[in-house]
Amino acid sequence: MDGNASNDESCNIDWDTDDEREIGNFPPSSSSSFSVPNGDVNAGSGEGCSSAGSAKFRLIYDMKFPEELVLKAIEQSGETEDFESILETVLVLQALENSPEPQKNVPSDQCSSAYDDGFLDDLSDSDSWCESSIADATNAESAEDQRVLALTNMEYSVEEALIAIDRCGPGASVAELTDFITAAQMAKADDVFYKELPDESKKKRKLYELEVLKKKKRERGAYVAAEDNETIRLPIPMVGFGLPTAEGSTVIHRNLPEAAIGPPYFYYENVALAPKGVWDTISRFLYDVQPEFVDSKHICAAARKRGYVHNLPIDKRFMLVPLPPRTIHDALPMTKRWWPSWDTRTKLNCLQTCIGSARLTDRIRKALENYEDDPPKNVQKYVIDQCKKWNFVWVGRNKVAPLECDEVEMLLGFPKNHTRGGGISRTDRYKSLGNSFQVDTVAYHLSVLRDLFPGGINLLSLFSGIGGAEVALHRLGIRLKNVVSVEISEVNRNIVRSWWEQTNQKGTLIHIADVQKLNADRLEQYMASFGGFDLIVGGSPCNNLAGSNRHHRDGLEGEHSSLFYDYFRILDLVKCMMNRR
DNA sequence: CTCAGAATGAGTGTAGCG
DNA sequence: CGCTACACTCATTCTGAG
């Protein structure tokens with residue numbers, strides 16, 4: 001076994017160009033965000049040819065706006081008889097009526113406080129956002145319009161309605177939306193802490209809502225001022241803040257922003273190749289910490305380009321032992337015998353949630369059987385392209401095959417049969433594994449916790465999946481005292497529960513299915529019972545960020561990926577509660 | 001109903017080249 | 001620098017068999 005990767009291009013990392021790199025913080029970026037011109041506040045196509053009279057009727061009787069408001073709006077709308085325009089005016093008037101005092105159901109630290117603490121001074125177009133957000137509501141497609149209106153008629157604010165639609169997805173019913181809003185309100189009402197928080201936290205919260213509104217604006221094709229002068233770039237090679245090598249590790253320093261420093265430690269993960277601006281947003285929310293982008297191909301035999309935002313120390317990291325196999329041949333020795341010389345892969349591509357079909361491998365076999373020797377270049381190219389696309393490996397003469405489940409488990413650093421049994425289907429195993437951490441990579445980052453917490457840690461694990469973080473910590477020899485794990489999928493919870501029992505964990509495992517249910521009350525309970533969380537890990541859903549998604553690559557505001565904001569919500573809550581102790 | 005197979009590109013970043 | 005070609009991507013939806 002010639003374990004040395006003879007022609008492994010990716011290992012030629014230039015480690016000694018500079019022994020010491022300084023990683024600066026982000027420049028404050030809020031000043032460049034929000035310039036929304038006033039010109040684009042038109043009421044869509046305005047295809048409705050209703051007269052002002054019927055508009056008045058609908059607005060008063062159908063939508064239950066006060067008559068005097070509607071009359072005033074019609075008066076102000078002047079020449080237009082467009083229903084949409086009048087509706088827009090009504091909404092603006094209504095918002096103006098409400099604006100001097102905090103809107104109903106909205107805690108005082110929401111909209112108005114931003115003005116008090118001078119946050120909006122940072123914005124280039126400070127006085128237009130509120131107005132444009134209202135205009136946004138009327139720019140919406142009619143279905144969304146109706147729901148916004150329904151909600152505003154139920155005395156929710158336009159902002160709340162918009163955020164709810166954003167978060168619950170375009171298909172959400174009014175009932176679902178009201179559920180979301182009331183849940184959010186309860187969470188906010190619980191947050192008595194926020195009232196006595198430093199300005200920084202209020203700003204963050206405001207920023208959260210502004211971000212949603214801004215995204216909305218952008219989705220509708222509205223012009224948003226160029227902010228690409230400081231977008232986050234991916235490093236080449238993608239080795240994060242440094243990886244261990246035979247030559248030794250580079251010494252790197254970084255200065256965390258003040259607001260980012262723990263407790264608790266946090267660790268957030270998602271796909272590196274997300275749509276433009278996503279990582280800027282994530283980083284801004286997570287206390288302006290610069291993401292660490294790592295491709296796991298530098299650590300194991302499969303590529304996995306991921307970004308990690310965390311406030312962990314980055315010196316004195318160490319790798320899990322035994323070290324993972326670093327080439328396909330080391331990981332899957334039996335493939336070596338059949339591997340043709342013209343397939344020069346040494347690393348697999350990203351392990352995803354779907355595998356190639358039997359029919360495709362059969363087509364490849366048939367294409368190759370026509371030749372005694374090496375096939376012609378064009379056939380080679382076809383085969384290689386398919387192999388790279390589906391991560392096929394060679395299991396016989398002219399025979400390629402997708403990876404088996406247990407092989408994926410091994411490549412990702414999980415114990416064998418981790419996802420096996422318990423009624424899980426093969427398809428679901430691939431899906432759960434494809435959505436998981438690469439354990440060795442994550443463990444390398446988390447390794448610094450071993451010396452910091454010799455007695456073990458209390459872990460809050462959001463979007464746990466099949467427990468990549470738990471497995472990583474366990475393999476590092478970090479005792480898990482109390483683990484609160486949030487995971488929507490029942491099969492995944494079963495997998496973690498089963499692993500927990502098999503590894504004879506002495507700590508306590510608490511499972512929660514719905515991240516929305518994890519509010520300040522419950523957090524307070526947990527923290528009172530075992531005294532705070534040491535680490536908050538989470539890889540929020542990537543569905544709407546991942547390049548493989550042809551249908552709904554909607555960015556951070558997508559149906560699933562917007563759960564990132566719950567990660568932030570919970571992290572920020574815990575952070576505030578910890579600081580009060 | 002579950003399960004597996006098959007069809008379904010766009011967005012993003014990089015390398016190469018004149 | 002601008003252009004082009006190329007490589008890669010934690011997926012969703014539909015269909016059909018059992």
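A note on names: the letters A, B, ... follow the listed sequences, proteins ahead of strands, and every chain is numbered from 1. Just the heavy atoms: all of them, side chains too, but no hydrogens, waters or symmetry mates, feed the values below.
Distance from the side chain of A/Ala303 is smallest to C/dT9 among C/dC10, C/dT9, C/dT12. The side chain of A/Gln352 has C/dA11 as its nearest neighbour among B/dT12, B/dT14, C/dA11. In this structure, of C/dC8, B/dT14, B/dT12, it is B/dT12 that holds the atom nearest to the side chain of A/Lys276. Among the nucleotides C/dT12, C/dC8, C/dC10, the one closest to any side-chain atom of A/Asn349 is C/dC8. The listed nucleotides are B/dA6, C/dC10, C/dT12; the one nearest the side chain of A/Arg304 is C/dC10.
Summarising the geometry, the separation between CZ on A/Arg553 and C1' on C/dA11 is reported as 11 Å, rounded to the nearest angstrom. Put simply, CG on A/Asp554 is 11 Å from P on B/dG11, counting in whole angstrom units. If you measure from atom CZ of A/Arg306 to atom P of C/dC8, you get 15 Å, rounded to the nearest angstrom. Per the geometry, CG belonging to A/Leu563 stands 18 Å off P belonging to C/dC10, to the nearest Å. In this structure, A/Ile355 places its CD1 atom 12 Å from C1' of B/dC3, rounding to the nearest Å. Counting to the nearest Å, the P atom of C/dT9 and the CG atom of A/Asn549 are 15 Å from each other. Here C/dT9 presents its P atom at 13 Å from CG of A/Asp385, a figure rounded to the nearest Å. Look at OH on A/Tyr308: it is 10 Å from C1' on C/dC10, rounded to the nearest Å.
Taking the C1' atoms as reference points, C/dA7 lies 14 Å from B/dG9, given to the whole Å.
Within the 4.0 Å cut-off from OP1 or OP2 of C/dA11, at least one side-chain nitrogen or oxygen of A/Ser548 is found. Contact check, A/Asn543 against C/dT12: a side-chain N or O comes under 4.0 Å of OP1 or OP2. At the phosphate of C/dC10, neither OP1 nor OP2 sits under 4.0 Å from any side-chain N or O atom of A/His560. Residue A/Ser425 has a polar side-chain atom (N or O) positioned under 4.0 Å from OP1 or OP2 of B/dA4.
Rounded to the nearest 0.5 angstrom, A/Leu509 CG and A/Trp499 CH2 are separated by 9.0 Å.
Looking at heavy-atom distances under 4.0 Å, A/Leu545 makes no contact with the nucleic acid at all. Counting any heavy atom pair closer than 4.0 Å across all strands shown, A/Cys350 reaches sugar-phosphate atoms only and no base atom. Note on A/Ser561: nothing from the nucleic acid sits closer than 4.0 angstrom, heavy atoms only.
Side-chain atoms of A/Asp572 never come within 3.5 Å of backbone atoms of A/Phe568 as a donor-acceptor pair (strictly under, hydrogens ignored).
When the nearest nucleotides of DNA chain B are assigned to A/Leu234 and A/Ile424 by heavy-atom distance, the more 5′-ward of the two goes with A/Ile424. Residue A/Gly356 is the one, among A/Arg550 and A/Gly356, whose nearest nucleotide of DNA chain B lies closer to the 5' end (criterion: closest heavy atom). Comparing A/Lys388 and A/Thr353 against DNA chain C, the residue whose closest nucleotide sits nearer the 5' end is A/Lys388.
Between the side chain of A/Arg426 and the base of B/dC3, no donor-acceptor pair under 3.5 Å is found.
Base pairing annotation: B/dG9 forms no Watson-Crick or G-U wobble pair, as no partner gives both donor-acceptor distances under 3.5 Å. The partner of C/dC10, taking Watson-Crick or G-U wobble pairs whose two distances both stay under 3.5 Å, does not exist in any strand shown.
Taking the six-membered ring for Trp and the full ring otherwise, A/Tyr444 and A/Phe318 have centroids separated by 6.0 Å or more. Checked against the 6.0 Å centroid criterion, the rings of A/Tyr565 and A/Phe285 qualify as a close aromatic pair.
When each of A/Arg429, A/Arg426, A/Arg420 is tested with A/Glu404 by the rule salt bridge (charged side-chain N to carboxylate O under 4.0 Å, His left out), just one qualifies, namely A/Arg426.
Side-chain N/O atoms of A/Glu292 and A/His310 include a donor and acceptor closer than 3.5 Å.
Using the six-membered ring where Trp is involved, A/Tyr567 and A/Tyr268 have ring planes that are tilted, between 30° and 60° apart.
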